[in-house]
Amino acid sequence: MQIFLDSANYQEIEHWLRQGVVDGLTTNPSIMFKDGVYDLEEGAKRLCKLLDGRPVSVEVTTNDHEEMLRQARTFAGWAQNVVVKIPIVNEHGESCLGVIHTLSSQGIRINTTAILSFNQAILAAKAGATYVSIFAGRIADEGNDPGVAIRNVRHWLDEWNVQARIIVGSIRTSMDIQNAALAGAHIITIPPQFLPKMVDHKYSRETVRQFNRDAERALAQIEQSKVSR
Ligand code: E4P
């Protein structure tokens, strides 16, 4: 399973890349805005360079299909590791499957975003998307179990040997990460603030403290025996 960061925070991304746990990056216009990236082209190019070949999702910012195609082709020209995020529908509920299909057929990797159901995921995969982004937190907001959707989509992809990869996003708690991993996510895109919570445990600290203390006591014993010789 791969881990992507759901972020545009350069320092955080740099930090977690150094820890060796980051396989890619996802962004959206809200994340870019929150992390202070206002110039999309400059910000995306900088992030693509930092990710050094790993996939970086950059989202289109329009409801218009022709404009989506134009933006997607422009984004894809910014760096070799750009993946273009296209929503499953625009804000009027119009299908974006045609855009996904056209771009995928032209060799542009597409991450279909804002997926909240099994049916949306299988249609995006059929249209040629490289990634289908299932929004776990938003599914749960509606009172549904994201684990069921993730498990069913994974089963369907495997059953029919479809190449699309599931990205689980919209992570709200550490438990969402664990549930998504066990439900069959190929990739989980994690907001960086969850990684320290995932790595740390108070009993691990206490265990290390005990070992360090006993190592110090062993050294003290050596010193003691030198003195008494
Ligand atoms: C994933 O690719 C999205 O950027 C993100 O996870 C959306 O999360 P949200 O529901 O917190 O906006």
Side-chain angles (χ1 to χ4, degrees), residues 1-10 12-13 16 21-38 40 43-44 47-48 50-51 54-62 68 71-72 75-76 81-91 96 99-100 103-104 108-118 120-121 124-125 127 129-147 149-150 153-154 164-181 183-195 197-198:
M1 195 198 76
Q2 294 193 324
I3 290 179
F4 288 5
L5 287 184
D6 204 21
S7 177
N9 182 315
Y10 196 91
E12 287 277 15
I13 298 165
W16 291 106
V21 294
V22 179
D23 300 298
L25 188 74
T26 53
T27 68
N28 63 40
S30 303
I31 289 173
M32 292 289 203
F33 182 71
K34 172 175 73 67
D35 290 336
V37 178
Y38 306 132
L40 186 59
L47 292 171
C48 284
L50 178 62
L51 269 287
R54 299 170 184 86
V56 174
S57 289
V58 182
E59 185 158 349
V60 295
T61 58
T62 176
M68 279 183 191
Q71 287 187 4
F75 297 173
N81 51 338
V82 166
V83 173
V84 180
K85 251 184 172 180
I86 305 282
I88 182 72
V89 289
N90 66 13
E91 63 182 271
C96 299
V99 175
I100 293 161
L103 293 166
S104 299
I108 295 177
R109 286 183 297 167
I110 301 301
N111 174 356
T112 303
T113 191
I115 289 183
L116 296 168
S117 73
F118 171 82
Q120 290 178 319
T130 302
Y131 302 104
V132 292
S133 279
I134 300 178
F135 277 25
R138 291 185 193 241
I139 291 176
D141 286 345
E142 298 245 287
N144 296 310
D145 181 351
I150 298 162
V153 175
R154 177 63 190 264
R165 289 289 168 259
I166 299 169
I167 302 179
V168 175
S170 189
I171 296 297
R172 305 276 165 81
T173 68
S174 301
M175 199 61 194
D176 294 341
I177 298 164
Q178 189 170 316
N179 288 339
H186 296 103
I187 301 154
I188 305 179
T189 189
I190 303 178
Q193 68 267 25
F194 290 105
L195 287 161
K197 291 181 206 283
M198 289 169 73

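Please read all numbers here as calculations on a predicted model, not as lab measurements. As the structure lists them, so they are numbered: ligands from 1, and atoms in each ligand from 1.
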Atoms of ligand 1 under 4.0 Å from any heavy atom of Gly169, numbered from 1 in the order shown, are 6 (O)
Residue set satisfying side-chain hydrogen bond (donor to acceptor under 3.5 Å, both in side chains) with Asn90, at least two apart, ordered chain then number -> Glu94
For atom 5 (C) of ligand 1, the closest protein heavy atom turns out to be Asp6 OD2, 3.0 Å
Note: ligand 1 atoms sitting under 4.0 Å from heavy atoms of Arg172 are 10 (O), 11 (O)
dist Phe75:CZ -> Thr61:OG1 (nearest 0.5 Å) comes out at 5.5 Å
among protein heavy atoms, the one nearest atom 8 (O) of ligand 1 is Ser170 CA, 3.3 Å
Is the backbone N or O of Asp176 less than 3.5 Å from a side-chain atom of Asn179, with the two atoms forming a donor-acceptor pair by type? no
Parallel, tilted or perpendicular: rings of Tyr38 and Phe33 (30°, 60°): tilted
Counting from 1 in the order shown, the ligand 1 atoms closer than 4.0 Å to a non-hydrogen atom of Phe135 are 1 (C), 3 (C), 7 (C)
re atom 2 (O) of ligand 1, the protein heavy-atom contact at minimum distance is Lys85 NZ, 2.7 Å
among protein heavy atoms, the one nearest atom 12 (O) of ligand 1 is Arg138 NH2, 2.8 Å
A student checking ligand 1 against Ile31 at a 4.0 Å heavy-atom cut-off should list atoms 4 (O)
Closest to atom 4 (O) of ligand 1 among protein heavy atoms sits Asn28 ND2, 2.8 Å
Value for NZ (Lys85) from OG1 (Thr27), rounded to nearest 0.5 Å, stands at 6.0 Å
* Return yes if some donor-acceptor pair links the side-chain N/O of Asp35 with the main-chain N/O of Val37 below 3.5 Å, else return no. => no
Across all chains, not counting sequence neighbours, the side-chain hydrogen bond (donor to acceptor under 3.5 Å, both in side chains) partners of Ser170 are Arg172
